[in-house]
Undergrad: 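Have a look at this one before I ask anything.
Each chain gets a letter, A, B and so on, in the order its sequence line appears, and its residues count up from 1.
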Amino acid sequence: MESKDEIVKTIPRTFYERDTVKVARDLLGKKLIRTIGKQTISGIITETEAYRYADDPASHAYRGLTPRNRAMFEQVGKAYVYFTYGMYFCFNVVARNHNFAAGAVLIRGLKPEKGIDVMKKNRKTNKISNLANGPAKLTQALNINKKQYGVDLAKKTELYITSGLDKKKKIFASKRIGIKNGLHKLWNFKISI
DNA sequence: ATGCAGATTGACT
DNA sequence: GTCAATCTGCATA
């Protein structure tokens with residue numbers, strides 16, 4: 001017998017082949033799933049940020065291709081993971097249309113669903129509201145690091161994305177967090193669940 | 001509730 | 001050498 005979970009499909013690659021800002025909005029409410037052996041950790045995406053290319057001075061890709069950001073230039077629907085502040089990882093989904101050579105969506109927040117006990121252990125806290133409500137928190141909770149650089153999120157492997165909420169939620173747009181340039185762009189998107 | 005220092009290292013100029 | 005798409009704990013109010 002197959003359980004319901006096993007027949008859920010990933011979001012197809014074409015979804016990510018659209019404007020980075022649109023993809024960022026549309027990723028809200030989708031489900032991010034991490035499998036580690038038999039263990040499953042998942043959550044609903046509640047906050048995202050779009051980072052584009054030559055028009056976006058806040059983007060890692062702004063000054064062109066480097067070893068770190070190369071995933072942003074490669075196939076859409078894959079993971080771009082980077083290390084920052086000497087101790088954290090941030091997780092992005094590569095997304096762009098044909099007007100841009102690079103682009104990615106930073107996943108900034110999740111509402112935990114499955115594997116909450118594991119998240120608590122990974123995050124060393126019992127407060128559910130503090131498990132995955134930040135870009136470096138969710139990578140800790142889901143045990144995401146450089147090993148997941150380039151992982152294909154359109155394929156059901158160790159890390160992937162599926163449809164989530166059915167109902168459309170109200171989207172709040174604001175300034176992106178923790179950057180110095182490109183602050184006039186309202187490319188931070190949130191929903192409240 | 002708001003604010004700030006400190007942690008800690010790799011990527012880039 | 002500089003500084004980062006951040007988080008935590010502690011301080012003040």
Undergrad: Give the residues of residues 175-189 of chain A touching DNA chain C, defined as any heavy atom closer than 4.0 Å, sorted by residue number.
TA: A:I177, A:G178, A:I179, A:K180
Undergrad: Please check if any side-chain donor atom of A:N97 sits under 3.5 Å from a side-chain acceptor atom of A:E17, or the reverse.
TA: no
Undergrad: For A:A136, which contact category applies under a 4.0 Å heavy-atom criterion: base, sugar-phosphate, or nothing?
TA: sugar-phosphate
Undergrad: What is the 5' to 3' range of DNA chain C, first to last nucleotide, that sits under 4.0 Å from any heavy atom of chain A?
TA: C:dA4 to C:dT8
Undergrad: How long is the straight-line distance from CZ of A:R34 back to OG1 of A:T40, given to the nearest 0.5 Å?
TA: 10.5 Å
Undergrad: Looking at A:R176, A:R25, A:K185, A:R108, which one forms a salt bridge (charged side-chain N to carboxylate O under 4.0 Å, His left out) with A:E49?
TA: A:R108
Undergrad: Looking at A:Y16, does the NZ or CZ of A:R18 lie under 6.0 angstrom from its six-membered ring centre and within 45 degrees of the ring axis?
TA: no
Undergrad: How does each nucleotide of nucleotides 7-13 of chain B score, in 5' to 3' order, for protein heavy atoms under 4.0 Å: base (B), sugar-phosphate only (S), or none (-)?
TA: BBBSSSS
Undergrad: Between A:Y82 and A:F91, does the ring centroid distance fall short of 6.0 Å?
TA: no
Undergrad: Quick one: ring pair (Phe, Tyr, Trp, His ring centres under 6.0 Å) partners of A:Y62, sequence neighbours excluded?
TA: none
Undergrad: Once Watson-Crick and G-U wobble pairs under 3.5 Å are found, how is DNA chain B written in dot-bracket notation, 5' to 3', with | for any base paired to another strand?
TA: |||||||.||||.
Undergrad: Under 4.0 Å, heavy atom to any atom of DNA chain C: which of residues 100-110 of chain A qualify?
TA: A:L106, A:R108
